2 protein chains.
Amino acid sequence: MPTKLIAVLIAVSEDRPMVLTLEGGRVLPSGPLEAGHRSLQTGLRLWVERQTGHALGHVEQLYTFADAPDTDATDERSVLISYLALTRIHSGEHGWRNWYDYFPWEDQTTPDGRALVARIAAQLGDWARAAPPALGAARHQRIALTFGLEGLGWDDELVLQRYELLWEAGLVPESSPPAGATVRGQDMAGDGRRILATAMARLRAKIRYRPVIFELMPDSFTLLQLQRTVEAVAGQAMHKQNFRRLITQQDLVEETADLAPDTRGRPARLFRFRREVIGARRIAGSKLPLTRPV
Amino acid sequence: MPTKLIAVLIAVSEDRPMVLTLEGGRVLPSGPLEAGHRSLQTGLRLWVERQTGHALGHVEQLYTFADAPDTDATDERSVLISYLALTRIHSGEHGWRNWYDYFPWEDQTTPDGRALVARIAAQLGDWARAAPPALGAARHQRIALTFGLEGLGWDDELVLQRYELLWEAGLVPESSPPAGATVRGQDMAGDGRRILATAMARLRAKIRYRPVIFELMPDSFTLLQLQRTVEAVAGQAMHKQNFRRLITQQDLVEETADLAPDTRGRPARLFRFRREVIGARRIAGSKLPLTRPV
DNA sequence: TCGAATTATGCTCGTTATGAGTATAATTCG
DNA sequence: CGAATTATACTCATAACGAGCATAATTCGA
């Protein structure tokens, strides 16, 4: 039973979140774990460098799957260990794709995205109604929750749940009994899209409590560039003044002496990430009513 | 290269967090992944039931390691996929150990625990001072952060970081160049303690934003029992009135008609977890300044 | 050259969440 | 019966958060 290492490399370029792919966007960089690899991560780094020429920086493990036995029924099922890597695009690289090409409904920054969700919700509604009453009601509930219908808010972290719901409903080409119509969005080979969804969900969750967003930023940047990067990842628009308050209050960044070049309106101050805070405690509050230590 | 599945089963009994072990507390339930297993989780369930007789409920994947090549130098290194399972202890089971037997310093609910941290900090200080200045300063900083010294608060989620620091400093028996004196606390075979630390950290993080704590509770319970369970897991004492406000405000529980039997002071109302909220949105706030959708 | 458009930045205001503590209520136990 | 114990309700100050107003400093087209 071979073990495979697979990487989701993410970067943000021109305010769009990108993922590094091979073979025309159909597969993610990957390779088998070999006895010579000093650790899982070093094995992964070797494969990614060999296949894409891209050296890895910040890497974290995502999830381990036993992939569905391939078309043929040998017991040569492999174990797939997936990783998320955050990086920056170097000029001249290719294979980078906008992740919303794979999950168009995950971009909720535009009216288009919201309209798409409405259409998907309708298709899913049909699927729920096609089931016997009890099951249908459960499906209906699940749809409302994952897609934020009926006044429930959109939860940007439910990427995987939404994909799996569409999969079950037969609305993506990968579905095992695919329905007639499928939802817009490019697919991938094997479990590729599921792994990408896992990566997106993890990243969206993580930027809330760790300063990982700066792994995707250049050395210096304006607060608006930072905001656009977060928005690209989260797929949601934010309140500008409050965003800036949040960032500055937490001492995550420090001013540089420079202003951003060639802007339109008023030139913006350039900031730099304060690397010192990286090891420091998490961003958010504890959400548990602790007693102050005596 | 064989693949092994390993489980950390957690329960809370009499306000103490327990972990299910075998062989006198030295190993966790585990077994090889076999071709016949329908999925990784079913394989895990089979092994745990076979080895301990305990059926699994809530399970989530923790982390995948390539374990250090065993004593001998064959390339028969195995991949270890670890899982966290939350459950309740059934009467008559044995092999359950208090997790603070393995990590005594992680219990910060008592003055004892705090005193122990002070002693460990002293030993680690020696280790930092034994290094050349630059490295020593870095170590010092790391110690202060992970153990919450110098006014930095104790962060209950840094279980793994603290263990790894002790490991590096040679203060645990597993350390590869073990120092003379080691810190109090039972050890385990192989990577057992590292995996347990990972499980503790994950659970402590998770109870902050998902209602998983109820997996460890009986059907009905008083708010104080709930608080004691959270405190046992988090290793920190909480403010009673505010804890109760937090829980009730979020509609996580509903009153039952009953009161707790055989209490001392005033009898407490029994509550029940509202299972409906399980799929529902996360507990906490978003920590990103979103604009309200139009 | 001026005014519109555009982006940056500072500040206020009301609401909610959080940390800490006071005050009572309802029991058991010696 | 009074002390000890646990439950529960409230208050108060402060911090965090969501929303928006106001002003500053630019570019760009007429």
Side-chain angles (χ1 to χ4, degrees), chain A residues 15 153-154 156 208-209 220-231 234 236-271 281-294, chain B residues 15 151 153-154 156 207-209 220-231 234 236-271 281-294:
Chain A
D15 303 338
W154 176 262
D156 65 330
R208 294 204 150 84
Y209 62 97
S220 69
F221 46 82
T222 69
L223 292 181
L224 185 58
Q225 283 163 2
L226 181 63
Q227 180 180 344
R228 293 285 179 243
T229 303
V230 173
E231 289 176 333
Q236 290 186 103
M238 314 210 184
H239 185 283
K240 188 168 171 172
Q241 296 94 320
N242 291 348
F243 179 84
R244 133 189 294 277
R245 176 175 64 188
L246 186 76
I247 298 297
T248 51
Q249 266 180 4
Q250 295 192 121
D251 284 328
L252 293 174
V253 297
E254 62 194 3
E255 287 194 356
T256 69
D258 306 317
L259 299 177
D262 46 72
T263 53
R264 288 213 272 176
R266 171 174 171 179
R269 173 78 41 195
L270 283 172
F271 289 79
R281 38 193 317 86
R282 66 172 150 274
I283 293 180
S286 86
K287 214 34 164 173
L288 283 180
L290 304 175
T291 54
R292 189 177 297 285
V294 234
Chain B
D15 303 340
W154 175 262
D156 66 330
I207 56 174
R208 293 202 150 84
Y209 62 96
S220 69
F221 46 82
T222 69
L223 293 180
L224 185 59
Q225 283 164 0
L226 181 63
Q227 180 181 345
R228 293 287 179 242
T229 303
V230 173
E231 288 176 335
Q236 290 185 103
M238 315 211 180
H239 185 284
K240 186 167 172 175
Q241 297 92 319
N242 291 348
F243 180 84
R244 135 188 296 273
R245 176 175 65 186
L246 186 76
I247 299 296
T248 51
Q249 267 179 4
Q250 294 191 123
D251 283 329
L252 292 174
V253 297
E254 60 194 4
E255 287 193 355
T256 69
D258 305 318
L259 299 177
D262 45 70
T263 54
R264 289 212 272 179
R266 171 173 170 179
R269 174 76 40 193
L270 284 171
F271 289 79
R281 38 193 317 86
R282 66 174 148 273
I283 293 180
S286 86
K287 213 38 163 168
L288 284 179
L290 305 175
T291 54
R292 188 175 296 285
V294 232

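In what follows, chains are A, B, ... by sequence order, proteins preceding strands, each numbered from 1. Model, not experiment: these values are computed from the prediction.
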### Query
Can you tell me if B:R245 uses its side chain to pair, donor with acceptor, with the backbone of B:K240 under 3.5 Å?
no
How is [X] classified with respect to the nucleic acid when contacts are heavy atoms under 4.0 Å: base, sugar-phosphate, or nothing?
X: A:Q249; value: nothing
X: A:L224; value: sugar-phosphate
X: A:R245; value: base

Let me know the distance between [atom1] of [X] and [atom2] of [N], rounded to the nearest Å.
X: B:H239; N: D:dT11; atom1: NE2; atom2: C1'; value: 12 Å
X: B:M238; N: C:dG21; atom1: CE; atom2: P; value: 17 Å
X: B:R269; N: D:dA9; atom1: CZ; atom2: C1'; value: 15 Å
X: A:L246; N: D:dA16; atom1: CG; atom2: C1'; value: 10 Å
X: B:N242; N: D:dC10; atom1: CG; atom2: C1'; value: 12 Å
X: B:F271; N: D:dA7; atom1: CZ; atom2: C1'; value: 10 Å
X: A:Q227; N: C:dT7; atom1: CD; atom2: C1'; value: 12 Å
X: B:L270; N: D:dT6; atom1: CG; atom2: C1'; value: 14 Å

Do the side chains of [Y] and [X] get nearer than 4.5 Å, heavy atoms only?
X: A:F271; Y: A:L226; answer: no
X: A:H239; Y: A:L246; answer: no
X: A:V253; Y: A:I247; answer: yes

### Task
Verify the contact: side-chain N or O of B:R264 to OP1 or OP2 of D:dT6, cut-off strictly under 4.0 Å; return yes or no.
yes
### Query
Hey, does the side chain of A:K240 come within less than 4.0 Å of C:dA8's phosphate (OP1/OP2), counting only N and O?
yes
### Task
State which residues pass side-chain hydrogen bond (donor to acceptor under 3.5 Å, both in side chains) with B:E231; sequence neighbours excluded, sorted by chain then number.
B:Q227, B:R228
#### Entry: the helix from C:dT1-D:dA30 to C:dG30-D:dC1: angle between end helix axes, five pairs per end, rounded to 10 degrees
10°
### Query
What heavy-atom pair brings A:D156 and A:A234 nearest, and what distance separates the two atoms?
CB-O, 3.4 Å
### Task
Determine the minimum heavy-atom distance between B:T222 and B:A268, stating which atoms define it.
CG2-CB, 3.7 Å
Measure from the side chain of [X], starting at C-beta and using heavy atoms only, and say which of [options] lies closest.
X: B:R244; options: D:dA25, D:dG18, D:dT8; answer: D:dT8
X: B:A268; options: C:dA8, D:dA19, D:dA7; answer: D:dA7
X: B:R266; options: D:dC21, C:dA26, C:dG21; answer: C:dA26

#### Entry: Residue closer to the 5' end of DNA chain D, A:Q241 versus A:T263 (nearest nucleotide)
A:Q241
